[in-house]
Amino acid sequence: MDAFLVPLTHAPPSSVPALAASRSRSLAGSPGAVLTAAAAFAAARSARSAKRGTSRATKGDEIKFAPADSGDDDVEAAELPLEQRAQALAESLPALARLRGSVVVIKYGGAAMVKSPERTIRDVALLGALGLKPVLVHGGGPEINSWLAKVGIEPKFVRGLRVTDADTMEVVAMVLMGKVNKGIVATMGAAGVPAVGLSGVDGGLLQAKKVDDEELGFVGEVTGVKKDVLKAALDKGLVPVVATVAADAEGNFLNVNADIAAAAIAGALDAEEFVLMTDVPGILRDVKDADSLISEVDEGGAKRLIDEGVVAGGMIPKVTCCLSAIDDGVQATHIIDGRRPHALLEELFSTKSSGKQGTTISKC
Ligand code: ADP
Ligand code: MG
């Protein structure tokens, strides 16, 4: 295991203490501000490393990991006056103290990833630098669709799950475990936080069997999570970044819905928080009306929303897997808009008074 982890030399673990030392000078804030300022710091650091010659590794059609000095709003936030940064950091102490050392499983959906993915990835890196234990499970739907189109395959979905024939599985494997996973790891490394890219295949992380549905093809159902490989990475101060391709007992690749895989991982690790980042503000009563957000719903209410057809398509696996994560003992589950700048930080550091965004699904 150590031999596997050691070669991550582009961002040695020693950079974490340096980041910790620097952040005590730079971070601060009001509820959202801690976060904004903290993210600003990470962005500024990343911009510096870009200038030193650290280049982004990915130039895809769909998911583009822009350098931190590309003019997005993170860099503007880096101009926050020092006293505001200090205030943001100071005001975040209760949340930081509560979450210190906690496992937070974040599913970053492909739909949200199309918009400024580097910003969210740096926010996850920041959580690691602040002493939380983030695990990032990612999708890559639009990127997969883009590559399917290049080879003349039409994407098809049933109940929010991708119909995966043998050719589609090849593309899913290459895109998710290759370009998307390593692009995220490289972006996090450039932000000064070491990450390790994994898939469900590595170390047998996701145990899976083919679903009993001929129509779906090579879609995997999670039968277990081998958390050792994740724990080993977390113990070394690495952020695990997980692509949700698994292998069956015969060694065939299976495509596992990333929401479902993330929930299984959250349950296995007894995560404190489980956050799904997607391309809508949360569960909407009317999917065409962004103002119809349902902020809080309990287990029974969430099941009713599925039965009534309010929750449909790709939102179905999200809601059902929040419910299963709660059953597995996860304390809080959230569905948030991954396109919103620093939505992840806002959700984790929100207080009752700070006007939280997104949907929280909680135990009855
Ligand atoms: P991801 O890549 O994040 O998994 P998906 O496309 O699989 O994204 O799932 C999110 C989609 O679910 C939304 O873009 C929306 O079209 C759909 N959806 C269906 N019902 C709802 C609902 N009630 N509220 C919000 N989104 C919904
Ligand atoms: Mg989805």
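Nothing here was measured: the structure is a model prediction, and the numbers come from that model. Whatever order the structure lists them in is the order used to number ligands and atoms, beginning at 1.
- Listed for the Asp202 side chain is a donor-acceptor partner under 3.5 Å among the backbone atoms of Ser199.
- Proximity of Lys318 to ligand 1, defined as any heavy-atom pair under 4.0 Å, is confined to the side chain (atoms from C-beta onward).
- Using a 4.0 Å cut-off between charged side-chain N and carboxylate O, Lys318 and Asp259 make a salt bridge.
- The contact set between ligand 1 and Gly110, taken as ligand atoms under 4.0 Å from a residue heavy atom, comprises 2 (O).
- The closest donor-acceptor contact from the side chain of Thr360 to the backbone of His334 lies at 3.5 Å or more, if one exists at all.
- For the residue pair Asp165/Thr168, the side-chain donor-acceptor check at 3.5 Å is satisfied.
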Begin with the C-alpha distance, continue with both residues' side-chain angles, and end with the deciding distance and a verdict on salt bridge (Lys or Arg N to Asp or Glu O under 4.0 Å) for Asp279 and Arg339. CA-CA 6 Å; Asp279 66 341; Arg339 302 162 308 174; 5.5 Å; no
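- Cluster membership for Val151 and Val172, using ILVMFWY side-chain heavy atoms within less than 4.5 angstrom, is shared.
- Partner of Leu284 under the side-chain contact (heavy atoms from CB on, under 4.5 Å) criterion, out of Asp289, Leu293, Asp291, Val311: Leu293 alone.
- Within ligand 1, the atoms closer than 4.0 Å to a non-hydrogen atom of Asp279 are 10 (C), 13 (C), 14 (O), numbered from 1 in the order shown.
- Of all atoms in ligand 1, listed by their number and element, those nearer than 4.0 Å to a heavy atom of Gly282 are 24 (N), 25 (C).
- Taking every heavy atom of Gly109 and a limit of under 4.0 angstrom, the matching atoms of ligand 1 come to 2 (O), 3 (O).
- Near Val310, the atoms of ligand 1 lying under 4.0 angstrom from a non-hydrogen atom of the residue are 20 (N), 22 (C), 23 (N).
- Although no hydrogens or angles enter the test, the distance criterion places a donor-acceptor pair under 3.5 Å between the side chain of Thr333 and the main chain of Ile361.
- Summary of contacts: the protein heavy atom closest to atom 15 (C) of ligand 1 is Val287 CG2, 3.9 Å.
- Counting only heavy atoms from C-beta outward, the side chains of Lys210 and Val219 never approach each other to under 4.5 Å.
- The parts of Leu284 lying near ligand 1 are both backbone and side chain, judged by heavy-atom distances below 4.0 Å.
- Ligand 1 lies within reach of Ala312, whose nearest heavy atom is under 4.0 Å from it.
- The nearest heavy-atom contact from the protein to atom 5 (P) of ligand 1 is Gly314 CA, 4.0 Å.
- Looking from atom 2 (O) of ligand 1 to the surrounding protein, the closest heavy atom is Ala111 N, 3.1 Å.
- The closest protein non-hydrogen atom to atom 26 (N) of ligand 1 is Met315 CE, 3.4 Å.
- Residue Lys107 places a heavy atom under 4.0 Å from ligand 1.
- Within ligand 1, the atoms closer than 4.0 Å to a non-hydrogen atom of Val280 are 13 (C), 14 (O), 25 (C), 26 (N), numbered from 1 in the order shown.
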Stepwise salt bridge (Lys or Arg N to Asp or Glu O under 4.0 Å) check, Glu250 with Lys209: CA-CA 10 Å; Glu250 284 78 46; Lys209 62 171 195 193; over 6 Å; no
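- Thr278 OG1, 3.4 Å is the protein heavy atom nearest to atom 8 (O) of ligand 1.
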